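Below is one structure, written out as structure tokens, with a few remarks after it.
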Amino acid sequence: MNKIVVEGLKYKYPLSDTLALDDLSFQVKEGEFIGIIGKNSAGKSTLCQALVGLVPHFYKGAYGGKVFIDGLEVKNQTIADISLKVGMVFQNPFTQVTGSKMTVYEEIAFGLENIGIPRSEMIARIDYVLDLLKIEQVKDQNPFDLSGGQMQRMAIASIIAMKPDILVLDEPTSQLDPAGSEEVFQAIQSLSKQGITIILAEHKMEKVALYCHRVLLLDDGKMVDINTPGKIFSRGDLEQHGVAAPVYTRVCKELGVRKAGTSEFPVTLAEAESVLRGRKI
Amino acid sequence: MKSISLYVDKESFIHDFDPITKLLYILFALFLPLILLSFTVSFISVGVSIVLLMAAGVIRKTIPVFSFVFLVLITVVIIQGLFRPENETILFQIGPLAMYKEGLLYALTITLRVMNIVSAFLILVLTTKPSDLVETLVRKGMSPRIGYVIVSVFQIIPEMMASMSTITDAQRARGMETEGKLSVRMKAFLPLLGPVILGALINTKERALALEVRGFNSHVPKTYLYEEKTHALSKWVQAILLLLLVGAGVWRIFG
Ligand SMILES: Nc1ncnc2c1ncn2[C@@H]1O[C@H](COP(=O)(O)OP(=O)(O)OP(=O)(O)O)[C@@H](O)[C@H]1O
Ligand SMILES: [Mg+2]
């Protein structure tokens, strides 16, 4: 079943002359894990915000085409209604701190209070996300006293606790060190395995290649392609679109080794290893 | 993190009482002396508040507030004592200036009333978390948006001050003079306002987005993480305070 359907989506921010999103069409199935890649200002964040209805409801601006979530058109819904289905984590963790709660624990409760979750359920959910994102040890601290990485984990936890069907993440690990990023990706993957649909805008190509089922490549607001990581990262024109393939893919491209029986290059460490080991030098 | 709220985090039976009872106490302390117009009642009321502040273990925190209030009141005493039109009875004389009994008594009444309100307010402010107070008011029907604005101001202002000092440090590191004479400080301070205010405005837009996706504008009835704070004696204390007020009113009208 299609969870998200986008048809001819066009969008222009107010006071801007160029289209930030230019005629996008694609579908996402329930439980899929989709990566959105593209160079800076390609339109990744704008697309993410179009899926939760912030575009156009919050920003206004010129909007064309249609976005359906579970068959309901985003343009005709309120952000409050959409946010019950679609959760969104933003790029900047600092501005996602509400500033009205004294502890991390209460901060995570903020969204749950707003959508009327009963107390016992609220507590169970908070404990679950504190554990999932590994931030129990800071649960009594003031949200503003956290490090960037901890704040980012808290922002993700706050949205996951609201149990959306679809989770939209805009560079959710920009402030995390490699080990921390890996932990967060593991957590996101475990949600994906529970059947939650994930949309992730990301610059870390190795992670995209490893975790995403399909990858959507954006350039200047236009969709270049949406396909499996293997197909996307094997394209010859990636550099023209301002994207570098995962380092494993680049090495294999340089060596001219493809995955057995296909025209694709390996995109993950494991794939590259198995292909390179199999090769007689 | 530094906080701009005056709340003192302690355990006492005053801290345990809910904000509504404390608000009611403020009303009580405000109106009882006005209704009874009695010097003694004001006096007792101030005394009770001070005993409560001591019981809550926050009396030391009241000293700066009371000192400030006294500073203001001293001027009232002097001006009323010297110049009140009803002044007749001279108490004492310093050179050409005479202090009058009527003016002094009047000033004393004002002083007592102000002390009375201030000390009742301090009980609320020093023993209640601002967020608890606002949450209680939201439960009683105040708009959650207004509640949010009030509580977030307590957090976001210290946050702005922190970013201010980060920028000052950065400028000092680049050799800008930021200390010394007032004129030097002003010169260092003004260019800070741009980035800090602009930053705050951008943050505000982004924060508004983040609030939206956390259901801030949802029409579902709100729930609360914490149970409403009540004290076993709350209802009794509230009833007694109200009865006393009503009783005083009745006594004033028919007595
Ligand atoms: N609030 C806004 N008002 C006007 N124009 C905007 C606004 N936000 C983004 N844009 C413009 O829309 C285009 C797409 O920006 P967007 O933030 O979606 O890019 P992005 O792919 O997320 O980039 P990055 O990798 O830097 O996060 C850019 O040209 C940008 O300048
Ligand atoms: Mg972005």
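Keep in mind the model is a prediction, meaning the values are calculated, not measured. Letters go in sequence order (proteins before strands), and every chain restarts at 1.
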For [X], I'd like to know if atom [atom1] has over 12 heavy atoms of other residues, nucleotides or ligands within 6.0 Å.
| X | atom1 | value |
| --- | --- | --- |
| E227(B) | CD | no |
| K222(B) | NZ | yes |
| R145(B) | CZ | no |
| Q137(A) | CD | yes |
| K29(A) | NZ | no |
| Y224(B) | OH | yes |
| K10(A) | NZ | no |
| F121(B) | CZ | no |

Tell me, for [X] versus chain B, whether the close heavy atoms (under 4.5 Å) come from the side chain, the backbone, both or neither.
| X | value |
| --- | --- |
| M162(A) | side chain |
| I82(A) | neither |
| Y59(A) | side chain |
| I126(A) | side chain |

Euclidean distance, K205(B) NZ relative to T95(A) OG1, rounded to 0.5 Å: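 So the gap between those two atoms works out to 9.5 Å.
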Spacing of OG belonging to S83(A) relative to CZ belonging to F216(B), to within rounding of 0.5 Å: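 Between atom OG of S83(A) and atom CZ of F216(B) there are 12.5 Å.
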Residue, of P143(A), A155(A), P164(A), S158(A), that accumulates the most heavy atom pairs under 4.5 Å with chain B: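 Most pairs with chain B among the choices: S158(A).
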Between H57(A), K101(A), M88(A), the one whose heavy-atom pairs under 4.5 Å with chain B are most numerous: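 Of H57(A), K101(A), M88(A), K101(A) has the most heavy-atom pairs under 4.5 Å with chain B.
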Chain A contacts, top residue of V213(B), V220(B), V134(B) (heavy-atom pairs, under 4.5 Å):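 Top count of heavy-atom pairs under 4.5 Å with chain A: V213(B).
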Backbone of T98(A) reached by a side-chain donor or acceptor of Y148(B) within 3.5 Å: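 Yes, the answer is positive, given that a donor and an acceptor are paired below the 3.5 Å cut-off.
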Test item: T223(B) side-chain N/O and I117(A) main-chain N/O as donor-acceptor pair under 3.5 Å: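 Present.
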Is there side-chain contact between [X] and [Y], with heavy atoms separated by less than 4.5 Å?
| X | Y | value |
| --- | --- | --- |
| T78(A) | N217(B) | no |
| S131(B) | M102(A) | yes |
| F90(A) | R207(B) | no |
| F110(A) | L225(B) | no |
| Q49(A) | L209(B) | yes |
| E113(A) | R214(B) | no |

Smallest separation among heavy atoms of N114(A) and G215(B), with atom names: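 Scanning both residues, the minimum pair turns out to be CB-O, 3.1 Å.
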Heavy-atom closest contact (S218(B) atom, I115(A) atom, distance):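 Looking at all heavy atoms of both residues, the closest pair is OG-CA, 4.2 Å.
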Over-ring placement of R119(A) relative to Y226(B), 6.0 Å and 45° cut-offs: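 Negative - R119(A) is either too far from the ring of Y226(B) or too far off its axis.
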